[in-house]
Amino acid sequence: MAKALLGYVGGPDPRMLSEMRRLQQRVLDLESELTRMQAENDALNAVADEHSLLSSIELDQREPALT
């Protein structure tokens with residue numbers, strides 16, 4: 001039954017195992033890159049919030065709106 005599930009006699013194909021290992025490593029690399037980029041984005045957002053134009057406006061010194 002196991003041989004029928006594999007589709008042939010002789011066990012797993014070394015090329016398929018090699019490709020699976022390569023793809024698993026690629027997934028790990030992409031996950032670590034995503035984590036690094038999320039951390040970098042969070043740091044950039046924190047800096048942007050500190051230097052935001054809206055935060056520099058003092059609410060008590062607003063000019064009246066023209067009517």
Side-chain angles (χ1 to χ4, degrees):
M1 183 67 172
K3 291 179 182 178
L5 291 174
L6 286 175
Y8 55 90
V9 178
D13 185 5
R15 293 173 293 171
M16 186 172 61
L17 292 175
S18 174
E19 180 69 8
M20 189 181 316
R21 281 189 213 103
R22 187 187 70 80
L23 290 173
Q24 288 171 340
Q25 184 60 48
R26 180 70 176 140
V27 167
L28 291 174
D29 292 344
L30 290 172
E31 286 173 342
S32 66
E33 179 73 9
L34 177 63
T35 302
R36 185 190 65 78
M37 292 181 84
Q38 285 174 334
E40 184 178 339
N41 190 38
D42 291 343
L44 288 171
N45 281 334
V47 170
D49 287 343
E50 289 177 7
H51 299 291
S52 174
L53 289 175
L54 294 176
S55 65
S56 67
I57 297 173
E58 295 181 21
L59 297 178
D60 58 342
Q61 299 201 6
R62 292 180 293 174
E63 295 182 12
L66 298 175
T67 55

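Residue indices begin at 1 and follow the sequence shown.
- To the nearest 0.5 Å, atoms CG (Leu30) and CE (Met37) are separated by 11.0 Å.
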- Task: Please assess Asp29 against Gln25 for the test side-chain contact (heavy atoms from CB on, under 4.5 Å), listing each intermediate value before the final yes or no.
- Result: CA-CA 6 Å; Asp29 292 344; Gln25 184 60 48; 2.9 Å; yes
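- Shown are Arg36, Gln38, Glu31; of these, the side-chain contact (heavy atoms from CB on, under 4.5 Å) with Leu34 is made only by Gln38.
- A salt bridge is absent between Arg15 and Glu19; no separation between the charged side-chain nitrogens and carboxylate oxygens falls under 4.0 Å.
- Here the CG-CD distance, from Leu28 to Glu33, works out to 13.5 Å after rounding to the nearest 0.5 Å.
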